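Since this is a predicted model, take the numbers as computed values, not measurements. Because only heavy atoms are used, hydrogens play no part in the values below, and waters and symmetry mates are left out as well, while side chains stay in. The sequence lines fix the lettering, A, B, ..., with proteins before strands; numbering per chain opens at 1.
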Amino acid sequence: MTRALGAFACVLALACASGSAQRKRADTIAAQIQAAREQGGETCAPRELATAEANLRFAQLEIERGDSRSADSHLALAAPAAREAANKSRDCAKVNVVVREKPAEPPVPRVGVRDTDGDGVPDVDDLCPDVPGPPERRGCPLFTDRDGDGVSDDIDRCPEVAGPKENFGCPWPDRDGDGVADKDDRCPDEPGPVDNQGCPWKSVLIVVRRDRIELKQQIHFQPNRAIILSDSYDVLRQVAQAVKDAQGVAVRIEGHTDNVGKRKENLKLSQERADAVKEYLVREGVDAGQLKAVGYGPKRPIASNATRAGRTLNRRVEFRIEERKK
Amino acid sequence: MIDSADAALVRTRGADGDKLAPYETTLADLYLAKAREKQGYAQYGDAEILAAEARRFADAASLKAGQRRATEPAPAPAMSSTVPKQ
């Protein structure tokens, strides 16, 4: 029993001695860590410093718990890390340079400054040297109007181009570039003079009379065929428009020929030509019910068939206004 | 608490904490490892204290990494070796 007590006392004494030694080691490491930290270790050797600090803390914890073996292993990790941190920090510590004598600055030459607009901002610093303006705006007036359209630049959507205030300082758009703004242009995509409201002058090829539609240009066909030539499309379009505009009107399309050739064939050709014209008008949007095509052949000449000019006049298409539907 | 510290450390690593805040990240890493060790020995009180410390360091590392990324200039784009298409 006495022996056992003696052995326990020896172990306790050893443990106490070991704990005391470990605390001393821990204090030494703590001092190294402190030195490293003061020399900027956190920046110069962050990983080493962190390793040293953490292991020192763990060692202290283990010493408190009485686990000297674990404390030892942490101290063994902390010590080299602290040394390494101190070394690295010493190498990268800041170097202070003291400048004992500062050379005197050369005197700044002062020159008389011009201020043309008298706004207190010298011309060299004045962005608007001819217009007075406050120094906060570098000598420019509060609101400029670069394009001079009476709309100040702060609200002018086109500050470089003059335009009316109704369009926020921008010029009115003019798609066809005819000088008539789109808002006043009845033909905004076709250039035309101002006195025709921006529309091109179009030659009027027909005259609508009470009983007929008079053509200023005859309708042309391929010789001996019922195919309309393209130079007659304009006049036919105008006829179509006129018939469409007068919806209650019925129109008789008359085909006429000269007397050259067989009568029967002339009759047939004049009918086919009248039909071709009717078909064209219907394609242009005229109601087919308004139109009637009749071929008269050479029966109704308007000039002598003895001359070439007379025969040309006799080969024709006429539009007769037949009646007004109610 | 250990899980929370672990998650915080993962976030820190995602924020490039190893490079931008190495001091705090290393501390968080070591404290978390020690907390796990203590938990393994069923010393839950110590484990919790260490894990809380680990969490605190991880958060500090995230914050520092974020601040440094905001202040540091962006890296110059790498030069392409390919020939641009005409």
Check your understanding: Counting only heavy atoms not in Arg157(A), do more than 12 fall under 6.0 Å of its CZ?
Key -> no
Check your understanding: In this structure, are over 12 heavy atoms from other groups packed under 6.0 Å from Lys183(A) atom NZ?
Key ->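 Counting other residues, nucleotides and ligands, NZ of Lys183(A) exceeds 12 neighbours.
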Point to revise | Residue-level contacts of residues 29-50 of chain B with chain A, using a heavy-atom cutoff under 4.5 Å | key: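 Only Leu30(B), Tyr31(B), Lys34(B), Glu37(B), Lys38(B), Asp46(B), Ile49(B), Leu50(B) of residues 29-50 of chain B have a heavy atom under 4.5 Å from chain A.
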Practice item. Below 4.5 Å from any heavy atom of chain B, which atoms of Glu64(A) appear? Answer side chain, backbone, both or neither. Key: neither
Which donor-acceptor pairs under 3.5 Å do the side chains of residues 24-34 of chain A make with protein atoms, sequence neighbours left out?
| from | atom 1 | to | atom 2 | distance (Å) |
| --- | --- | --- | --- | --- |
| Arg25(A) | NH1 | Asp72(A) | OD1 | 3.0 |
| Thr28(A) | OG1 | Lys24(A) | O | 2.9 |
| Gln34(A) | NE2 | Glu38(A) | OE2 | 3.1 |

Practice item. Would you mind telling me which of His74(A), Arg57(A), Arg47(A), Arg65(A) has the largest number of heavy-atom pairs within less than 4.5 Å of chain B? Key: Arg47(A)
Review point. Closest heavy-atom contact between Leu27(B) and Glu53(A)?
Key: CD1-OE1, 4.2 Å
